[in-house]
Amino acid sequence: MELICTKKELKEKLDACREKGLTIGLVPTMGALHEGHASLVRRSVAENDVTVVSVFVNPTQFNDKNDLKNYPRTLEADCALLEREGASFVFAPSVEEMYPEEDTRVFSFAPLDTVMEGACRPGHFNGVAQIVSKLFYAVEPHKAYFGEKDFQQLAIIRRMVQQLGIGVEIVGCPIVREADGLALSSRNTLLSPEERMRALTISRALFESKEFACGNSLSATRAFVENYIKNTPGLELEYYLIVDGDTLQEVQEWSDTGYAVGCIALFCGNVRLIDNIKY
């Protein structure tokens, strides 16, 4: 495995791979890697000749400067994990390497980006589109792998690829959870032991709501989750919406969609967490 920090060197290495007819997979990450990321890397290694993993905390997708400052950075441990999982290249550029000048591109993915994370984190998905498109242009992968925990992000990246005409297959991969149900996230490392125990309420609420939904209305199911979270001290619900999995628009009745997904965002102490479940 090789660690690469410049787009020029990355292009040289990958051009040599392409000349040999090798297929290239990309796993974009912001580092602080965990088993969820590892599962994406394993999928890419299994399906491609070469796997590139980018490790870059992208400043343009943070609308909270403290969140950017506190985001965990663990490159040495990340590289050790990636070598174990069989990655070919780790691309860990500096901010100056990815943004030698301000990226002024403005994307619109309406209505996908006007709800949930788009409504709560203005500019977030524009920053995501900026960096992911830059990575796609730098790597030119055949396939790129993203986790379904970031359900809205996955839908928006699929739309971005269509808009820009980028020839990459976007592969969505299932949420990976701890044995106790908590969805794996780099932000989990920021939780105190007490906060982590409280965070288990998220997956419990979602799992129990799936059973509850079998005999109850959509509105009752939504209220079930909202009350479950609100009755847990230390958790502050930002939103819980049941949406159509394709359009990401909120639905009012189960009959409104054949692909209902419950999406949640909340604060556990000062740490913002997201999760989702398919009904």
Side-chain angles (χ1 to χ4, degrees), residues 1-19 22-34 37-38 40-41 44-45 48-83 85-107 121 123-147 150 153-154 156-157 160-161 163-168 170 186-187 189:
M1 187 185 80
E2 295 185 56
L3 175 64
I4 297 174
C5 297
T6 69
K7 288 179 285 186
K8 181 177 183 291
E9 183 182 1
L10 182 68
K11 184 178 188 307
E12 291 171 353
K13 297 286 186 180
L14 294 180
D15 280 352
C17 293
R18 273 184 281 270
E19 287 175 9
L22 302 179
T23 57
I24 299 169
L26 170 66
V27 181
T29 83
M30 291 207 299
L33 304 183
H34 50 64
H37 298 107
L40 303 182
V41 176
S44 178
V45 168
N48 302 278
D49 300 312
V50 173
T51 290
V52 179
V53 181
S54 62
V55 176
F56 180 70
V57 181
N58 175 42
T60 70
Q61 69 191 67
F62 287 83
N63 57 334
D64 180 337
K65 290 183 179 178
N66 284 328
D67 194 16
L68 173 61
K69 178 183 176 183
N70 294 328
Y71 198 87
R73 293 162 171 83
T74 58
L75 181 59
E76 187 174 343
D78 293 344
C79 287
L81 179 150
L82 294 172
E83 186 151 30
E85 297 298 344
S88 311
F89 301 103
V90 177
F91 180 48
S94 65
V95 172
E96 293 74 23
E97 180 69 17
M98 294 310 294
Y99 295 97
E101 55 190 32
E102 183 182 2
D103 190 337
T104 59
R105 291 177 298 164
V106 178
F107 295 85
R121 303 176 67 187
H124 170 68
F125 286 123
N126 200 72
V128 169
Q130 287 178 346
I131 189 58
V132 174
S133 61
K134 281 175 174 284
L135 290 170
F136 286 170
Y137 292 139
V139 176
E140 297 181 42
H142 297 85
K143 295 182 178 181
Y145 298 80
F146 296 86
D150 295 294
Q153 174 180 274
L154 179 57
I156 284 172
I157 288 171
M160 180 197 76
V161 166
Q163 283 188 4
L164 298 179
I166 299 174
V168 58
I170 303 301
S186 299
R187 296 174 190 272
T189 62

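None of the values given here were measured: they were computed from a predicted structure.
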Between S88 (side chain only) and M1 (backbone N and O only), is there a donor and an acceptor less than 3.5 Å apart? no
NZ of K143 to OG1 of T23, rounded to nearest 0.5 Å, is 8.0 Å
I need the minimum non-hydrogen distance between A138 and L14, along with the two atoms involved. O-CD1, 4.5 Å
Output the distance between atom CE (M160) and atom CD1 (I156), rounded to the nearest 0.5 Å. 10.5 Å
Sidechain-backbone polar pair: N48 side chain, V50 backbone, donor-acceptor under 3.5 Å: no
Looking at side-chain heavy atoms only, is the closest gap between T51 and Y145 below 4.5 Å? no
Partners meeting side-chain contact (heavy atoms from CB on, under 4.5 Å) with D150 (sequence neighbours left out): Q153, I274
Which atoms form the tightest heavy-atom contact between V45 and A87, and what is the distance? CG2-N, 4.3 Å
With heavy-atom distances below 4.5 Å as the criterion, would you say the side chains of R187 and D67 are in contact? yes
Between E97 and F56, is any pair of side-chain heavy atoms under 4.5 Å apart? no
Looking at T60, is its backbone amide N or carbonyl O close enough to the side chain of Q130 to form a donor-acceptor pair, meaning the two atoms are under 3.5 Å apart? no
Is there a donor-acceptor pair closer than 3.5 Å between any side-chain N or O of D78 and the backbone N or O of L33? yes
Report the C-alpha distance between L26 and F91 in whole Å, list the side-chain angles of each, state the deciding distance to 0.1 Å, and finish with yes or no for side-chain contact (heavy atoms from CB on, under 4.5 Å). CA-CA 10 Å; L26 170 66; F91 180 48; over 6 Å; no
Interatomic distance, CD1@I131 vs CG@N126, rounded to 0.5 Å, equals 12.5 Å
Pairwise side-chain contact, F107 with V128, heavy-atom cut-off 4.5 Å (strictly under): no
Output all residues satisfying salt bridge (charged side-chain N to carboxylate O under 4.0 Å, His left out) with E2, sequence neighbours left out; order by chain, then residue number. K13
Any idea which heavy atoms bring A38 and L81 closest together, and the distance? CB-CD2, 4.2 Å
Would you check if the side chain of S186 reaches a backbone N or O of A32 as a donor-acceptor pair within less than 3.5 Å? yes
Is there side-chain contact between M98 and L135, with at least one heavy-atom pair below 4.5 Å? yes
May I ask you to check if K7 and Y137 form a cation-pi contact, with NZ or CZ under 6.0 angstrom from the six-membered ring centre and within 45° of the axis? no
Any side-chain heavy-atom pair of Y99 and K134 under 4.5 Å: yes
If you look at every heavy atom in N58 and G127, which pair is closest and at what distance? ND2-O, 3.1 Å
When rounded to the nearest 0.5 angstrom, what distance separates NZ in K11 from CZ in R18? 7.0 Å
Please tell me if the side chains of F89 and V139 come closer than 4.5 Å, counting only heavy atoms from C-beta onward. no
What's the shortest heavy-atom distance between T29 and S54, and which atoms? OG1-O, 2.7 Å
Distance-minimising heavy-atom pair for Q61 and R121: O-NH2, 3.7 Å
Measure the spacing between SG of C17 and CD of E140 and express it to the nearest 0.5 Å. 12.5 Å
V132 side chain near F146 side chain, heavy-atom distance below 4.5 Å: yes
